[in-house]
Amino acid sequence: MRVEEALENLYRILPPGALNSVRILVFQKAWEGKGYEEIALESGYGYDYIRTAGFQLWQVLSEALNEKVTKKNFRALILQRVANQWTPLRIPTTDTGRIPNQLPMPLDGQLPLDSPFYVYRPPTESLCYEATLQPGALVRIKAASQMGKTSLLARVLAQVRQHQFHTIILNLQLIDESVLTESSRFLQWFCAVVAQNLQLPNQFETYWNDLFGASYNCTNYFESYLLTRTEHPIVLALDRVDLLFDHSSIAANFLRMLRAWYEQARYGDERSKLWQKLRLVVVYATEVYLPLNINHSPFNAGVLIELPRFSLEQVQDLAGRYGLDNARECAQQLMELVGGKPYLVQLALFHLQQQNGTLEQLRQTATAANGIYSSHLWHQLGQLQQYPELVAALKQVVLSATPVELNPILAFKLHSQGLIQLQDNHAVPSCKLYRQYFTQVLATE
């Protein structure tokens, strides 16, 4: 049987959107007997991207065939079913006829590694993965909030663990306020958490001397103790680094130190070989607003990974995964309303899949106090009102029918928060939802 015939038979039993372009690619190549590495090499996609698509494909087929499907047995099972004229096994439906889904709960947060709702944005994943493998790497993942930074990070770390790398994630949301009173206390906390993840005891009595500054002590702790206790490279991922920005002295010292570590790995001496074992991945929602010397900042070094918004094709594919029949029309209208911002797209599709109103109703109530985006919009407004100069700048943008030229710093900050897009240094609202909402709430201010 030709692979085209096999696919034609699959379309008879699978729900709409179950076979997106990447899963079809994996199916075709696996039918020819090729492995994930070979498929990734031929297609130009990252290995993890292809492997995850394969996992999702076998999961979909297992549900459709009511039998465990793997890469090893899928061809034999399909040939058997075709020979038996496809025993009518279908994905079960609810009383309402809707296809039950693995829903991405919570919607606001990291999607599990096996989630069928994660949208790959090639070549972002492969670039991030390949950069992290480099000795002494500094990788910066930057995007506005709710763009999928943490979900991307989880997938990259899962992939590098296949190379026997140690992976450590420090989410700075977990820092107690008492730790942020001074640099020395914060950096000792930092060292202790890394040691704990490496299953090493604290050795501050040996490697920490109060005669030296906190940054020097922390650097010595890594160089003389932590980096010498393992043969394998360490990927140290720092999530939500922007939360340090409210503590300017601590943030400035910490960021200068990270930049120094990155440079130390490039000096070409014996110490450099040790520092090359450390790979830094820094995840942040906005650019640093601290008065750092450009030569002391980690934000202009290493490899920058900026997450793009979803494209029309990606939103359409995602709508298909939710089992929506009008995927193309839905994608077009959502792109107009929310501009491809991942969280806002996922939230809309979730509500439509649950039949909590129609797409037209969703659009009509998008900015309402009881609308699905109310919490998100209130949060954006609350963040914005802390900075009156940003409020004034955004008001100017949303009330103008034409692009507005803003002060470059204000434009940069609003763009970093995802509220505006820049067209030849002129600002426009990043989506229709923001224009409508902020026109309403800022018009009288």
Side-chain angles (χ1 to χ4, degrees), residues 132 135-140 153 157 160-161 164-267 269-284 288 290 292 296-299 301-302:
T132 305
L138 170 59
V139 180
R140 297 176 287 126
L153 175 64
L157 295 185
V160 300
R161 279 194 287 271
Q164 294 187 308
F165 283 26
H166 295 291
T167 59
I168 302 171
I169 304 177
L170 269 66
N171 189 325
L172 299 190
Q173 291 183 101
L174 300 178
I175 299 181
D176 208 69
E177 281 295 321
S178 63
V179 174
L180 295 170
T181 54
E182 58 178 359
S183 286
S184 181
R185 181 165 174 74
F186 167 69
L187 291 179
Q188 281 196 343
W189 172 88
F190 176 61
C191 289
V193 172
V194 174
Q196 184 181 58
N197 277 270
L198 293 173
Q199 299 183 333
L200 295 172
N202 291 334
Q203 295 286 345
F204 291 116
E205 292 183 2
T206 303
Y207 298 104
W208 199 279
N209 190 328
D210 289 336
L211 291 175
F212 303 106
S215 296
Y216 178 91
N217 275 315
C218 183
T219 301
N220 182 60
Y221 200 85
F222 268 75
E223 185 175 284
S224 301
Y225 179 43
L226 299 179
L227 294 177
T228 64
R229 293 302 191 273
T230 174
E231 297 179 1
H232 302 294
I234 300 171
V235 178
L236 177 55
L238 307 173
D239 198 4
R240 294 302 307 276
V241 167
D242 45 290
L243 294 178
L244 288 179
F245 298 167
D246 289 336
H247 305 270
S248 57
S249 61
I250 291 176
N253 289 336
F254 183 60
L255 296 173
R256 278 196 294 265
M257 183 183 71
L258 296 183
R259 173 63 180 262
W261 290 0
Y262 170 72
E263 293 178 346
Q264 179 62 57
R266 280 148 186 78
Y267 286 157
D269 56 18
E270 288 301 313
R271 294 177 63 199
S272 295
K273 294 179 181 179
L274 191 62
W275 283 103
Q276 286 174 2
K277 293 171 63 176
L278 181 66
R279 277 77 161 165
L280 294 170
V281 182
V282 180
V283 183
Y284 54 108
V288 62
L290 301 175
L292 288 177
H296 297 161
S297 171
F299 294 107

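One distance of note links OH of Y225 with CG of L200; it measures 4.5 Å at 0.5 Å rounding. With rounding to the nearest 0.5 Å, the separation of CD1 in I250 from CG in L244 is 7.5 Å. With rounding to the nearest 0.5 angstrom, the CG atom of L278 is 6.5 Å from the CH2 atom of W261. Of the inter-residue distances, the one linking L255 atom CG with R259 atom CZ reads 11.5 Å to the nearest 0.5 angstrom. The CZ atom of F254 lies 10.5 Å from the OG atom of S183; values are rounded to the nearest 0.5 Å. In this structure, CG on L236 lies 5.5 Å from CG on L280, to the nearest 0.5 angstrom.
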Donor-acceptor contacts, no H, no angles, side chain residues 173-181, under 3.5 Å, sequence neighbours left out:
residue: Q173; atom: NE2; partner: N171; partner atom: OD1; Å: 3.3
residue: D176; atom: OD2; partner: S178; partner atom: OG; Å: 3.0
residue: T181; atom: OG1; partner: S178; partner atom: O; Å: 3.2

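R140 contributes a side-chain N or O that, together with a main-chain N or O of F299, makes up a donor-acceptor pair within less than 3.5 Å. K277 contributes no side-chain N or O that, together with a main-chain N or O of H232, makes up a donor-acceptor pair within less than 3.5 Å. Without hydrogens or angle criteria, D269 side chain to R271 main chain gives a donor-acceptor distance under 3.5 Å. Under the 3.5 Å distance criterion, the side-chain polar atoms of Q276 are matched with a main-chain donor or acceptor of A265. The closest donor-acceptor contact from the side chain of T167 to the backbone of V235 lies at 3.5 Å or more, if one exists at all.
With sequence neighbours left out, N197 forms a side chain to side chain donor-acceptor pair (under 3.5 Å) with no residue at all. Taking the side chain to side chain donor-acceptor pair (under 3.5 Å) definition, one finds that N217 meets it with nothing, sequence neighbours left out. Shown here are the side chain to side chain donor-acceptor pair (under 3.5 Å) partners of N220, two or more places apart in sequence or in another chain: S224. Applying the side chain to side chain donor-acceptor pair (under 3.5 Å) test to D210 and every residue at least two apart in sequence or in another chain returns nothing. Here R266 pairs with Y262 under the side-chain contact (heavy atoms from CB on, under 4.5 Å) rule; sequence neighbours left out.
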CA sep, side-chain torsions, deciding dist, call: L170, W189, side chain to side chain contact (heavy atoms under 4.5 Å, CB included): CA-CA 11 Å; L170 269 66; W189 172 88; 4.2 Å; yes

field: Stepwise side chain to side chain contact (heavy atoms under 4.5 Å, CB included) check, C218 with F186
entry: CA-CA 10 Å; C218 183; F186 167 69; over 6 Å; no

query: Given R161 and L157, is the side chain to side chain contact (heavy atoms under 4.5 Å, CB included) satisfied, shown in steps?
result: CA-CA 6 Å; R161 279 194 287 271; L157 295 185; 3.8 Å; yes

task: Go through the steps for F190 and L172 under the test side chain to side chain contact (heavy atoms under 4.5 Å, CB included), then give the verdict.
output: CA-CA 10 Å; F190 176 61; L172 299 190; over 6 Å; no

- request: Go through the steps for W275 and Y267 under the test ring-ring contact (aromatic ring centres under 6.0 Å, His included), then give the verdict.
  value: CA-CA 10 Å; W275 283 103; Y267 286 157; over 10 Å; no

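Residues Y207 and F222 keep their aromatic ring centres 6.0 Å or farther apart.
Contact record, R279 with P233: NH1-CB, 3.2 Å, taken as the closest heavy-atom pair. Closest approach of A137 and T132 over heavy atoms only: CB-O, 4.2 Å. What you find for V241 and L238 is that their closest heavy atoms are CG2-O, 3.4 Å. Between L227 and L274 the shortest heavy-atom distance is O-CD1, 3.7 Å. What you find for A214 and W208 is that their closest heavy atoms are O-CH2, 3.9 Å. Residues P298 and L138 share a closest heavy-atom pair of O-CD2, 3.7 Å.
At least one side-chain heavy atom of L198 sits less than 4.5 Å from a side-chain heavy atom of H166. Counting only heavy atoms from C-beta outward, the side chains of Y221 and T206 never approach each other to under 4.5 Å.
For CD of E182, the number of neighbouring non-hydrogen atoms (other residues, nucleotides, ligands) closer than 6.0 Å is greater than 12.
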